[in-house]
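Since the model is a prediction, treat every value here as computed from it, not as a measurement.
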Amino acid sequence: MPEARFRIRRYDPASDPPLRGGQRTDRWEEFTVPYESTLTVLEGLFFIQEKIDGSLSFRYCCRASICGSCAMYIQGKYRLACQTNVRHFDGQVITVEPMPHMPLVKDLVCDMTSFFEKYEYVKPWLIRQSQDPEREIPQSPAERRLLDMPIDCILCGCCYSSCPSMWGEDDYLGPAQLLWLYRFEADSRDEGGRERLAHFDNERGVYRCHTITNCIEACPKELSPTEAIQWLKKAAVRRRLFGRRK
Amino acid sequence: MSVVRHQLVVVGGGLAGLRAAIEARQRGVDVAVLSQVHPARSHSGAAQGGINAALANHPEAHDDTPEKHAFDTVKGSDYLADQAAAQQMTQDAVPAIYEMEHWGCPFSRFDDGRIAQRPFGGAGYPRTCYGADKTGHYLLHTCVQRSLMLGIPFSTEFFVTRLIVNDGVCAGVVAYDMTRGGFHAFLGDAVIMATGGAGRTYSNTTNAIISTGGGAAMAYQAGVPLKDMEFIQFHPTGLYTTNILMTEGCRGEGGYLVNSEGERFMARYAPTAMELAPRDITSRAIWTEILEGRGIDGKAYVHLDLRHLGQAKIAERLPGIRDLAIHFEGVDPVTEPIPIVPSQHYTMGGIDTDVDGATALPGFYAAGECACVSVHGANRLGGNSLLETIVFGRRAGAAAAAYVGRGERPAVPDRVGQSAAAAMEAAVAALVEREGSQDAYQIRVEMTATMKDCFGIFRDQVTMREGLDKLVALKERLDGISLRGSGGVFNLDMMRTVELEGMLDVALATAAGALARTESRGSHARTDFAARDDEHWLRHTIASYRPGEAEPRLDWAPVSLGLFEPQERKY
């Protein structure tokens, strides 16, 4: 029976020496899984957890690339384990690691606390000043199209982990967070005015992006946080000069 | 072990749970949301095609009304839906959609700036509001964002295992803290269960891996009855190899279903509605084609053909479908037809509630797919599940807030929480101590295969009896499972072992209800009782847990009628 081999970087806070920040163990373990042409990395992890080593930990939910749970570093790239088919690796040993530069909970599970705190900080919600109409707030298809890209973000954290501006000790907000900020700044219905400006028009915000574009390469949904951040830079200038975003 | 207190504890961070929490928070209640995953990762986000409301925005739907929506819902349900509940839902639908829009939900738009609507199965008008083919994702993120704006605390990655019932009143839940370890008690004056469906009791499901029916199981084991569990929806179009959902919107936008002879076979099953017949009818049609040898290449699938829609329309209306088909089936719908097979999709039954989410247990509410109001009856219409979550989530949140505000009983002492959490810890420790030879994952595989094979699209006495006996035997084998380790963080082995018992109980309720119902209605299609039997079976199945017994006690409850006279369903 054909086989797929997995090489997994392990970490157990109960037995491994403590790690700081984005530190990693050098403890790798290899597992062999029966191969099928449809096998995904996530299915391989489940096989290992069920049949070989019940202590293996990883996140999972939808298995259809919409929930963002299973973002990992697989064969040297950011990927969703559910969306990654083993047959693409042509029989090589498949290395599976947690997303780099992130604090760890256990094995392939990163600590996403600061990721979500920073997401909340950018006020990712529609801010309205006027009274809402009884029906919908009108929005033209062209206005709506501006939102097409950012609203597909699944908050998986790949861009956040991949961005060199995140790797230092500073508190850069992060690509996904600014992508969501853009999503509301660009929404024709939003009346946030200058309310969010102080959140991104500074060194913690858009100016920390040096257009290295790792985020674009890392994104499993093929989105472009970089583009959103450049839009925000221009919006910041417009707001400062003219008091409006467009 | 700690005891945490809130006025209201919401279990589940999907659309129903969040909408309930938002409502309670807006009414000044101290509410917390416990969820096994970050709320933005909930299975609500996998809903694709849309959400129904009679907005009358579509040029062909200017005379649509909530009453017509209610009629379609009741007819779709094969008349098992409670008609007053369906009416309530369709009336609430219109303001509920506008509210989501005002909160920022990025619905697709018509040229005049109004929310776009598309045709869907079993609906007399194009009334399904949508955001491309990711409507659930957009609604879910909108509700997560609204919750953050209101400062609702999320207890993320808490795996709830038990209800706490004190003196016949719901007093909270016990939960495993996945990232820090340990069991804790969350005490509340009220609890709202919103944990989603039980799709994972079947091996061929579109559902997320966490859709295990845990909330329904906990309620059931605590003595709250489950209603109409035998009604399991099979979605006509799951991907052949993975059962991942291909939205009904594919057919709403004009997609064809085609058999091995290149025939649009729906003409023989639903000559008027064609591909937009309700899901039960369409799934039976596909399965009949497969059984009669007209599956593609003799295999168990047919084609969903979108090619004639063209690349531009697919890119605008169905971009997610294209991505999923490419990534998970290796097929580009622009140039090739998609192999699809009917797949378990939705649990019509659930925790027996009224239109305000209230159950037989004081202080305990339920909303969303884990609940059964019932608005879906024997077959849910596409676009009504997202609607159910926000309509009945809101109503449950309001009712629980009112209940909490009445302060009818003194606060439960901490020790009640402590002893409940300690009991859970002891139960898990006993699993570790036990020298069992049974493999929990093997039991899971056999259970999901049994559900697929014996309680599928077509059912009969002999097969179901066999299936039920098998489930009973599997439940007995649970006594022989053990656990490798109880402690630590993110202990998947422990969680997946603990959840298995609940899955089996829910599966047994489905099986017992299905075997007892000697008629065909909606999704429950028996080859040995092919006709609907209103005289005997126009009634709800009520399954109650019997401690120490595998099978439930079954009782029956009347259906609320009065608006629409039951008639034969033709599409």
Side-chain angles (χ1 to χ4, degrees), chain A residues 12-14 38 40 42 46 49-51 54-69 82-83 85 105-107 109 111-113 116 119-120 123-126 128 132-141 143-144 147-148 151-155 180 183-184 187 189-190 221, chain B residues 36-38 40-43 45-46 55 97-98 101-104 106-116 131-132 134 136-138 141-142 145-146 148-149 154 156 178-179 206 208-210 241-242 244-245 319-320 323-324 327-328 330 441 483-485 487-493 496:
Chain A
D12 186 344
T38 57
T40 64
L42 185 65
F46 270 114
Q49 189 266 321
E50 292 180 6
K51 308 276 185 203
S55 74
L56 183 66
S57 298
F58 50 94
R59 285 196 176 95
Y60 58 86
C61 180
C62 76
R63 67 79 170 86
S65 66
I66 193 69
C67 77
S69 297
C82 71
Q83 194 181 242
N85 200 297
V105 174
K106 184 168 180 285
D107 291 336
V109 180
D111 182 349
M112 301 288 283
T113 309
F116 280 111
Y119 170 68
E120 191 172 345
K123 302 195 175 186
W125 49 77
L126 201 67
R128 296 278 298 169
D132 286 327
E134 263 183 43
R135 296 185 55 99
E136 65 268 71
I137 307 163
Q139 185 173 51
S140 71
E143 289 169 333
R144 168 60 179 74
L147 312 181
D148 275 351
I151 55 178
D152 279 357
C153 173
I154 56 175
L155 296 169
W180 277 99
R183 175 255 176 274
F184 287 98
D187 193 320
R189 300 167 295 174
D190 191 76
K221 303 306 278 188
Chain B
Q36 180 179 356
V37 294
H38 187 281
R41 312 210 186 289
S42 305
H43 186 53
L55 305 186
I97 296 295
Y98 291 139
E101 196 280 330
H102 295 161
W103 294 354
F107 287 111
S108 294
R109 301 290 177 143
F110 284 140
D111 285 340
D112 64 5
R114 294 196 289 176
I115 293 169
K134 298 174 186 172
H137 175 70
Y138 300 152
H141 280 252
T142 299
Q145 291 156 353
R146 186 75 181 181
L148 294 174
M149 187 187 111
F154 291 158
T156 293
M178 293 165 62
T179 58
T206 65
I209 300 165
I210 63 168
T241 53
T242 57
I244 287 174
L245 178 66
D323 283 347
L324 288 171
H327 281 296
F328 292 95
Y441 299 108
L483 191 59
R484 284 162 270 208
V489 298
F490 242 89
N491 187 340
L492 299 189
D493 211 19
R496 300 187 70 213

- Provide the closest heavy-atom pair for B/Arg41 versus A/Ser69 in the form atom of the first, atom of the second, distance. CD-OG, 3.0 Å

- Separation between CZ of B/Phe328 and OG1 of A/Thr38, rounded to the nearest 0.5 Å: 11.5 Å

- Spacing of A/Gln49 atom CD and B/Leu492 atom CG [to the nearest 0.5 Å]: 5.0 Å

- Task: Evaluate side-chain contact (heavy atoms from CB on, under 4.5 Å) for B/Ile209 paired with A/Leu42, printing each intermediate quantity in order.
- Result: CA-CA 11 Å; B/Ile209 300 165; A/Leu42 185 65; 4.0 Å; yes

- Query: What is the minimum heavy-atom distance between B/Leu324 and A/Ser65, and which atoms define it?
  - Reply: CD2-OG, 3.7 Å

- Heavy-atom distance under 4.5 Å to chain B: side chain of A/Arg63, backbone, both or neither? both

- Contact class of B/Phe154 relative to chain A, heavy atoms under 4.5 angstrom: neither

- Please flag which part of B/Thr241 lies under 4.5 Å from any non-hydrogen atom of chain A: side chain, backbone, both or neither. side chain

- Task: Could you tell me which portion of B/Arg114 (side chain, backbone, both or neither) has an atom closer than 4.5 angstrom to a non-hydrogen atom of chain A?
- Result: both

- Task: Check each atom of A/Ile151 against the heavy atoms of chain B and say whether the ones under 4.5 Å are side chain, backbone, both or neither.
- Result: both

- Which bit of B/His137 comes within less than 4.5 Å of chain A, counting heavy atoms only: side chain, backbone, both or neither? side chain

- Select one option (side chain, backbone, both, neither) describing which atoms of A/Leu56 are under 4.5 Å from chain B's heavy atoms. backbone

- Partners passing side chain to side chain donor-acceptor pair (under 3.5 Å) against B/Asp323 (at least two apart in sequence or in another chain): none

- Query: Roughly how far apart are A/Glu136 CD and B/Glu101 CD, rounded to 0.5 Å?
  - Reply: 6.0 Å

- Residues forming a side-chain contact (heavy atoms from CB on, under 4.5 Å) with B/Val489, sequence neighbours excluded: A/Pro13, A/Val105, A/Lys106

- Query: For the atom pair CE (B/Met178) and OG (A/Ser57), what is the distance rounded to the nearest 0.5 Å?
  - Reply: 9.0 Å

- Item | B/His141 and its ring-ring contact (aromatic ring centres under 6.0 Å, His included) partner, picked from A/Phe184, A/Trp180, A/Tyr119 | A/Trp180

- Message: So for B/Phe490, is it side chain, backbone, both, or neither that comes closer than 4.5 Å to the heavy atoms of chain A?
- Response: both

- Message: Using side-chain contact (heavy atoms from CB on, under 4.5 Å), reason through B/Ile210 and A/Tyr60 one step at a time and then give a plain yes or no.
- Response: CA-CA 8 Å; B/Ile210 63 168; A/Tyr60 58 86; 4.0 Å; yes

- Pick one of side chain, backbone, both or neither for A/Ser55, based on which atoms fall under 4.5 Å of a heavy atom in chain B. neither

- Query: Does any heavy atom of chain A fall under 4.5 Å from the side chain of B/Ser108, the backbone, both, or neither of them?
  - Reply: both

- Between CD on residue A/Glu134 and NE2 on residue B/His102, distance to nearest 0.5 Å: 9.0 Å

- Item | B/Asp112 CG: over 12 foreign heavy atoms closer than 6.0 Å | yes

- Query: Between B/Phe107 and A/Arg144, is a side-chain contact (heavy atoms from CB on, under 4.5 Å) present by the stated rule, with each step listed?
  - Reply: CA-CA 8 Å; B/Phe107 287 111; A/Arg144 168 60 179 74; 5.9 Å; no

- Query: Which bit of A/Ala14 comes within less than 4.5 Å of chain B, counting heavy atoms only: side chain, backbone, both or neither?
  - Reply: neither

- Message: So for A/Asp107, is it side chain, backbone, both, or neither that comes closer than 4.5 Å to the heavy atoms of chain B?
- Response: neither

